[in-house]
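On a predicted model such as this, the values are computed, not experimentally measured, just so you know. A, B, ... follow the sequence lines: proteins, then strands. Residue 1 opens every chain.
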Amino acid sequence: MPLRIVSSLSKRREDFQPIHDKKIGLYVCGLTVYDVCHIGHARTFLAFDAIVRYLRFLGYDVTYVRNFTDVEDKIIKRALQEGVDSRVVSERYIRQAEEDFDALGMIRPSVEPKVTEHMGEIIAFVQALMDKGVAYAVDGDVYYEVNKFSGYGKLSRRTPDELQAGARVDIDERKRNPLDFALWKSGKPGEPVWESPWGLGRPGWHIECSAMATKYLGDHFDIHAGGADLVFPHHENEIAQSEAVLGGDWVKYWLHCGTLNIHHEKMSKSLGNYLTIQDALRRYHPEVLRFFILSFHYGSIIDFSDAFVEEKEQGLERLYHVLQQLDTTLDASLQDPALAAASSLSHSESEMVTRLAELRQAFIEAMNDDFNTAEAAGVLFQTAAVLKKYLLSLEDDTHTIGGGSYFALNQGRAFLKEVGQIFGIFQCSPDLLFQSVLERKLQNVVLPLPEIQQMISDRSQARKTKDWKRADAIRQALADHRILVQDTPEGTTWSVRR
RNA sequence: GGCGCGGUAGCCAAGCGGUAAGGCGAUGGUCUGCAAAACCGUUAUACGUGGGUUCAAUUCCCACCCGCGCCUCCA
């Protein structure tokens with residue numbers, strides 16, 4: 001099955017056919033930089049991060065554009081409050097966002113255009129709308145005339161009448177239609193302004209995306225993505241502007257990512273119910289966050305809670321456990337160079353190789369079905385189960401494995417690593433992952449590390465003398481502090497309960 | 001009020017016309033001094049409710065109930 005995409009415009013599965021063969025232009029609406037990012041932002045950008053990775057995996061040459069809107073009312077407001085230039089505010093949060101995104105392991109977009117660096121293109125776009133007669137200037141402001149665009153409302157599936165019926169904004173008498181929106185806003189003293197044919201001012205929200213997407217991706221491009229909360233008015237207005245100037249269907253496929261909710265409410269700065277990316281990363285390994293988010297389909301709403309993330313954390317650790325077993329077995333066998341070469345496969349070995357190929361195909365099929373990372377994640381667990389069983393079947397032998405088994409297991413590990421790159425997981429060694437997860441959990445434990453170690457060692461002494469009563473008392477004392485003791489053939493280890 | 005999305009096992013979540021992926025939990029087992037971890041097995045005659053279309057519906061249509069989103073800034 002080829003790649004199929006459910007575009008927000010059609011709401012139906014469509015075969016994906018790029019405008020220019022193997023080249024894909026993809027624009028993701030980025031951030032307005034007036035504050036730090038929360039995990040709601042992370043959800044959207046991580047979802048599209050995986051989509052870009054997958055398109056590249058399929059061999060497409062993706063030009064990935066994600067903007068920073070660095071001129072906007074809230075930035076100006078914040079700058080005023082702090083008594084600094086708005087540039088200070090926007091630059092601070094751009095830097096912070098880049099740090100957060102890097103920490104989450106996101107691939108960098110091909111271009112990250114900023115509004116302040118594209119004033120010429122933006123003004124030209126507004127002028128083009130004026131020339132077309134779909135925009136009008138009033139007192140230094142320029143508005144888009146919604147009535148001039150017959151397709152207005154096609155993305156959000158509402159007619160202009162329906163939109164007006166629910167309007168909760170005060171009517172601006174200077175507008176010809178209450179739905180008309182600002183393309184250019186005149187500036188007040190103290191605000192950042194640029195010269196334009198309509199006087200000093202700044203761009204309205206929406207126009208920057210039309211202008212910058214067009215500059216980097218051309219008049220028509222393949223995929224435009226963003227959060228579901230941008231459908232109206234942002235994307236509706238982008239369509240109106242762009243199609244009025246450029247004609248035809250501006251974007252071929254629209255992708256909208258579901259919001260991330262907390263306690264059944266959308267996480268947002270205005271509600272104050274957010275967890276910043278930085279705070280989330282203190283609690284969870286980046287791969288855990290990625291795996292959590294990607295275990296949902298990009299379009300669905302995620303209800304966030306620590307319990308849900310911890311559930312996925314456990315799942316990811318189990319997957320890593322298989323990887324660790326694979327490493328152990330394969331590394332041990334590698335000591336004999338002759339084993340590294342693929343030799344003729346026995347029946348069970350070739351069955352294993354076939355099964356792995358099927359699973360790889362299942363993963364691809366899942367991703368081909370509108371980037372269904374949730375289903376693809378399921379394939380990862382199925383693969384783990386298959387691999388574990390095979391590993392178990394090998395255990396009867398002497399600890400060395402034959403070339404055929406080596407080949408099969410290596411195939412399995414290569415598959416996990418390969419698709420792991422699409423999810424952005426399996427990028428570190430199992431030990432490092434376990435250690436890192438443990439360290440994050442340890443933050444919530446009040447017992448000092450030396451004390452824990454002392455108690456463990458005391459308990460080991462007690463066990464040596466078969467003083468089970470004392471050993472169990474210490475174990476219970478540790479358990480009261482959420483420390484779980486594990487006795488293994490290699491000695492006693494411990495972990496932190498979730 | 002309008003428009004949109006969703007309601008699938010104890011919980012989370014895929015599937016969206018041919019008879020229910022996966023994860024967590026629970027439970028039985030292997031292991032263990034006992035545990036834990038890990039591993040193996042079991043775990044939905046059933047998909048919000050009521051109608052309808054169809055040989056066949058969780059999947060399509062209608063109504064209703066519930067939740068969320070958007071209609072103001074929002075990823």
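- Side-chain contact, A:E72 with A:T32: no donor N or O sits under 3.5 Å from an acceptor N or O.
- Across every strand in view, B:G69 sits in a pair with B:C3 that passes the Watson-Crick or G-U test at under 3.5 angstrom.
- If you check every strand for non-hydrogen atoms under 4.0 Å, A:R13 touches sugar and phosphate atoms only.
- Between B:C70 and A:K266, a contact under 4.0 Å exists linking OP1 or OP2 to a side-chain N or O.
- A ring-centre distance under 6.0 Å is not found for A:W184 and A:Y143.
- Taking atom P on both B:G69 and B:A13, the two are 15 Å apart, rounded to the nearest angstrom.
- Residue A:D229 is in base contact, counting any heavy-atom pair closer than 4.0 Å across all strands shown.
- Within the 4.0 angstrom heavy-atom criterion, base atoms lie near A:L260.
- Note on A:G226: only backbone sugar-phosphate atoms sit closer than 4.0 angstrom, heavy atoms only; bases stay farther off.
- In terms of polar N and O atoms assigned as donor or acceptor, the side chain of A:R158 never comes within less than 3.5 Å of the base of B:G4 in a complementary pairing.
- Within the nucleic acid shown, A:A374 comes within 4.0 Å of at least one base atom, counting heavy atoms only.
- Checking B:A63 for Watson-Crick or G-U wobble geometry (two distances, each under 3.5 Å) identifies B:U49 as its partner.
- A donor-acceptor pair under 3.5 Å is absent between the side-chain atoms of A:R13 and the main chain of A:I5, judged by distance alone.
- At a threshold of 4.0 Å, the pair A:R78-A:E82 counts as salt-bridged, since one of the basic side-chain nitrogens sits closer than that to a carboxylate oxygen.
- Among the atoms of the strands shown, none is found under 4.0 Å from any heavy atom of A:H234.
- Looking at heavy-atom distances under 4.0 Å, A:G299 makes no contact with the nucleic acid at all.
- Both thresholds, 5.5 Å between centres and 30° between ring planes, are met by A:W468 relative to the base of B:G33, so the two rings are stacked.
- Among the heavy atoms of the strands, none lies under 4.0 Å from A:T493.
- For A:D472 and B:G33, a side-chain-to-base donor-acceptor distance below 3.5 Å is present, hydrogens and geometry of angles not being considered.
- Nearest approach of A:E14 to A:Y253, heavy atoms of both residues: OE1-CE2, 3.7 Å.
- In this structure, A:H235 has its ring center no closer than 6.0 Å to that of A:H206.
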Can you tabulate the close N/O pairs, meaning under 3.5 Å, that link protein atoms to atoms of nucleotides 36-39 of chain B?
from  : atom 1 : to     : atom 2 : distance (Å)
B:A36 : N1     : A:D487 : O      : 3.3
B:C39 : OP1    : A:K388 : NZ     : 2.9

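- Pairing for B:G41 is with B:U27, a Watson-Crick or G-U wobble pair whose two hydrogen-bonding atom distances lie under 3.5 Å.
- B:G51 and B:G28: their C1' atoms are spaced 44 Å apart (whole Å).
- Ring centers of A:F101 and A:F45: under 6.0 Å apart, within the cut-off.
- Looking at heavy-atom distances under 4.0 Å, A:R459 makes contact with a base.
- For B:G22, the base has no donor-acceptor partner in the side chain of A:Q382 [N/O atoms by modelled type, under 3.5 angstrom].
- Contacts between residues 361-369 of chain A and RNA chain B, defined by a heavy-atom separation below 4.0 Å, involve no residue at all.
- Residues A:E439 and A:Q435 bring a donor and an acceptor atom of their side chains to less than 3.5 Å of each other.
- Counted by atom type alone, A:Y298 and A:D370 present one or more donor-acceptor pairs between their side chains at under 3.5 Å.
- The separation of B:C66 from B:A26, taken at their C1' atoms, amounts to 28 Å, rounded to a whole angstrom.
- The shortest heavy-atom contact between A:L281 and A:P286 is CD2-CA, 3.8 Å.
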